[in-house]
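As the structure is a computational prediction, the values presented were derived from the model and not from experiment.
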Amino acid sequence: MMCLNSHRHNIRTLSPHIKKLLPVIMSSISLKENGGEVSVTKNYSNGGGLRDLYGEDSATEDHLITPWTFSVASGYSLLRDPRYNKGLAFSEGERDAHYLRGLLPPVVFNQELQEKRLMHNLRQYEVPLHRYMALMDLQERNERLFYRLLMDNVEELLPVVYTPTVGEACQKYGSIFRRPQGLYISLKEKGKILEVLKNWPEKSIQVIVVTDGERILGLGDLGCQGMGIPVGKLSLYTALGGVRPSSCLPITIDVGTNNEKLLNDEFYIGLRQRRATGKEYAELLDEFMRAVKQNYGEKVLIQFEDFANHNAFDLLEKYSSSHLVFNDDIQGTASVVLAGLLASLKLVGGTLADHTFLFLGAGEAGTGIAELIALEISKQTKAPVEETRKKIWLVDSKGLIVSSRLESLQHFKKPWAHEHEPVKGLLDAVKAIKPTVLIGSSGVGKTFTKEVVETMASLNEKPLILALSNPTSQSECTAEEAYTWSKGKAIFASGSPFDPVEYEGKLFVPGQANNAYIFPGFGLGLIISGAIRVRDEMLLAASEALAAQVSEENYDKGLIYPPFSNIRKISAHIAAKVAAKTYDLGLASHLPRPKDLVKYAESCMYSPGYRSYR
Ligand SMILES: O=C([O-])CC(=O)C(=O)O
Ligand SMILES: [Mg+2]
């Protein structure tokens with residue numbers, strides 16, 4: 001008779017048992033007694049200390065709650081529920097037990113045959129965007145089959161659900177819009193963000209990927225249509241990192257857009273206004289961050305994605321001491337590039353400290369990578385990071401970042417302003433700095449010109465050239481250009497995928513230096529250890545774990561990243577190293593620490609095979 005969650009109770013009607021327990025229950029609630037009436041006014045834990053997540057137990061008549069109900073799906077609604085729908089794979093027994101007779105044609109397919117059929121259909125589409133739409137439809141129709149396809153065909157489908165096609169999808173998101181995916185939080189929801197979170201059908205969330213759409217890949221401000229990015233990133237969390245789909249939440253924060261084309265596009269799905277900035281922006285973000293922690297607790301991972309520089313650094317700094325936050329463009333990209341650099345030493349020789357690095361682009365990716373390289377060198381050589389930064393040079397739109405520019409530089413560029421005379425363009429910077437490693441991270445395509453690549457090749461036996469900007473249209477150069485202009489000397493990797501290139505009878509296989517190698521395993525490591533904060537040491541651990549996964553066979557092909565086809569295993573190793581570091585730093589809350597973290601990570605991973613229904 002423990003029904004304290006009804007609205008009001010007359011204290012005289014409580015059983016003696018409950019009366020005895022009252023002091024215990026009262027320690028977490030406060031009661032008002034008036035004339036023998038007791039009303040529950042605050043949150044308390046119902047029997048056994050379960051959290052009253054959405055305040056249902058503690059609500060009074062004046063408190064509003066969300067009337068969530070749960071039921072067993074069957075019949076027609078089961079076929080319409082993407083989490084449980086199996087399409088033609090429902091067995092005869094399930095068709096009887098779940099009122100499906102007649103709702104499906106007589107044939108029964110297994111998942112393998114469904115996969116074969118769908119892959120065949122997908123390959124008929126020549127336009128990548130059509131493949132994207134077909135895959136999104138599948139995700140909305142039959143979730144397990146979607147993940148089965150993605151996992152079994154990762155190298156073929158990654159360019160569809162992810163860069164480059166997801167970029168085009170975001171540009172056209174309004175036109176191709178079918179069913180909404182993820183949560184939209186706009187300025188209209190100011191003051192009500194907690195309520196919006198409670199509209200999401202899942203209460204247990206482990207990872208949120210959030211964007212405000214201001215810098216989608218290298219495509220710029222796509223406003224509310226940036227939603228394709230959190231949706232795509234989270235599908236990789238599941239496919240590549242094994243995080244359960246129901247615990248992933250994509251969110252787009254819509255504060256307007258400064259993209260004129262979208263503002264004038266009749267199919268644009270976002271707020272038709274220019275971006276809110278300053279206090280208005282900061283307040284909305286702050287309300288969001290508070291609401292997330294209040295609703296999902298301390299251990300929900302919030303991944304910032306594709307925010308513009310001017311907000312990305314500030315948000316990361318502001319919330320990294322109070323929330324479990326990770327910026328994929330700053331930290332994820334840094335970790336994946338550092339992994340490639342560590343691996344490349346096998347091919348180019350020397351230690352990291354022996355190299356000289358030049359970046360084109362001093363935003364999130366550029367400065368994030370630069371800092372992680374400096375930290376790793378400092379870790380290896382014990383030299384202070386202020387010293388190790390000196391081997392790293394950055395070029396932005398105004399030329400080489402040098403000390404004479406210090407005053408006018410944005411704060412995140414200041415550590416890179418070394419003593420040097422001013423240098424205008426990239427080519428002159430390459431000639432002046434003589435880098436062994438050239439990294440493009442400016443979001444602007446075609447900037448590694450023939451002269452730039454030729455100069456790198458004249459300076460180095462094996463120049464390392466990374467063209468990181470996404471999607472393919474924004475790549476600093478193509479794989480073919482890197483190999484032909486360097487006469488086959490370059491070791492090349494890019495943010496978006498390129499096909500292998502044949503040059504003078506030899507096959508060159510470019511790597512894909514994309515944060516997709518890191519964030520799924522990194523996030524899994526945080527989740528399985530119950531991490532409450534992210535630290536740079538965890539990023540270094542992830543880089544080292546990824547670099548260790550490059551095999552001799554990969555090196556023989558000139559690769560500095562392992563193929564994506566092994567990504568689940570790679571993610572398990574990254575997760576294990578990240579979790580281990582989290583435990584070492586005392587930031588893990590899941591105790592005791594599992595003995596074999598790789599095995600444990602693997603055992604936690606979502607598998608997309610169908611389950612049988614009783
Ligand atoms: O999404 C990607 O492919 C990598 C990334 O984070 C970006 O370019 O912003
Ligand atoms: Mg990004």
Side-chain angles (χ1 to χ4, degrees), residues 82 115 117-143 145-182 184 209 211 213-240 245 250 252 254 257 259-270 305-306 443 445-446 469-475 478-479 494-499 512 514-516 564:
E115 177 178 2
R117 188 177 73 84
L118 277 159
M119 286 307 295
H120 172 80
N121 290 348
L122 274 177
R123 289 173 185 139
Q124 307 295 307
Y125 294 117
E126 286 184 2
V127 178
L129 192 61
H130 293 163
R131 291 187 183 191
Y132 175 88
M133 289 160 70
L135 274 171
M136 290 301 107
D137 281 350
L138 178 61
Q139 189 177 20
E140 290 293 315
R141 188 169 74 239
N142 181 337
E143 189 176 271
L145 189 54
F146 169 78
Y147 285 111
R148 165 61 69 209
L149 252 70
L150 208 49
M151 286 171 61
D152 289 352
N153 307 276
V154 60
E155 295 194 310
E156 184 173 349
L157 298 184
L158 210 54
V160 183
V161 295
Y162 195 57
T163 184
T165 311
V166 72
E168 187 186 354
C170 289
Q171 288 172 312
K172 300 177 181 162
Y173 213 71
S175 313
I176 65 171
F177 186 85
R178 292 176 187 205
R179 283 190 184 195
Q181 294 173 294
Y184 291 91
V209 175
T211 188
E214 190 167 5
R215 197 234 71 208
I216 294 300
L217 309 177
L219 300 171
D221 184 352
L222 298 183
C224 193
Q225 302 198 158
M227 181 57 103
I229 296 294
V231 168
K233 293 271 175 186
L234 283 167
S235 64
L236 303 197
Y237 256 105
T238 300
L240 314 190
T252 294
D254 184 353
T257 179
N259 183 328
E260 289 300 329
K261 201 164 154 218
L262 289 179
L263 287 172
N264 294 319
D265 177 351
E266 62 177 325
F267 300 133
Y268 179 56
I269 58 168
E305 195 70 51
D306 293 7
K446 303 189 176 39
S469 295
N470 296 313
T472 320
S473 59
Q474 309 309 109
S475 190
T478 66
S494 52
S496 295
F498 282 105
D499 288 335
Q512 191 178 351
N514 189 293
N515 48 32
F564 266 113

With side chains defined as the heavy atoms from C-beta onward, is the minimum distance between [X] and [Y] less than 4.5 Å?
X	Y	value
Tyr147	Gln139	yes
Tyr237	Pro245	no
Leu145	Leu138	yes
Glu156	Arg123	yes
Pro128	Pro164	no
Cys224	Tyr173	no

Determine whether more than 12 heavy atoms belonging to other residues, nucleotides or ligands lie under 6.0 Å from atom [atom1] of [X].
X	atom1	value
Glu126	CD	no
Tyr125	OH	no
Asn264	CG	yes

With rounding to the nearest 0.5 angstrom, report the [atom1] to [atom2] distance, [X] to [Y].
X	Y	atom1	atom2	result
Glu140	Asn142	CD	CG	11.5 Å
Asn470	Thr472	CG	OG1	7.5 Å
Asp221	Thr257	CG	OG1	3.0 Å
Arg179	Met136	CZ	CE	13.5 Å
Thr163	Leu219	OG1	CG	8.0 Å
Leu122	Leu149	CG	CG	6.5 Å

Report the residues that fulfil ring-ring contact (aromatic ring centres under 6.0 Å, His included) with Tyr184, sequence neighbours left out, ordered by chain and then residue number. none
Does the [X] side chain pair with the main chain of [Y], one donor and one acceptor, at a distance under 3.5 Å?
X	Y	answer
Asp306	Leu217	yes
Gln225	Gln171	yes
Thr211	Glu305	yes
Gln512	Gly495	yes
Tyr132	Pro159	no

Would you check, one step at a time, whether the test side-chain contact (heavy atoms from CB on, under 4.5 Å) holds for Leu157 with Met119? CA-CA 10 Å; Leu157 298 184; Met119 286 307 295; 4.0 Å; yes
Considering all heavy atoms of both residues, which atom of [X] and which atom of [Y] are nearest to each other, and what is their separation?
X	Y	result
Gly223	Leu262	N-CD1, 4.4 Å
Pro230	Pro250	CB-CB, 3.7 Å
Met133	Arg178	CE-NH2, 3.0 Å
Ser475	Phe498	OG-CE1, 3.6 Å

With Ile229, the side-chain contact (heavy atoms from CB on, under 4.5 Å) member among Ile216, Thr252, Leu234, Leu222: Ile216
Say whether Asn514 and Tyr162, considering side chains only, have a donor N or O and an acceptor N or O under 3.5 Å apart. yes
Asn153 versus Glu115, side-chain donor and acceptor atoms under 3.5 Å: yes
Check this for me, if you would: do Lys261 and Asp265 make a salt bridge, where the nitrogen-to-carboxylate-oxygen distance has to be below 4.0 angstrom? no
Determine whether Thr238 and Leu150 satisfy the following criterion, side-chain contact (heavy atoms from CB on, under 4.5 Å), listing intermediate values before the conclusion. CA-CA 10 Å; Thr238 300; Leu150 208 49; over 6 Å; no
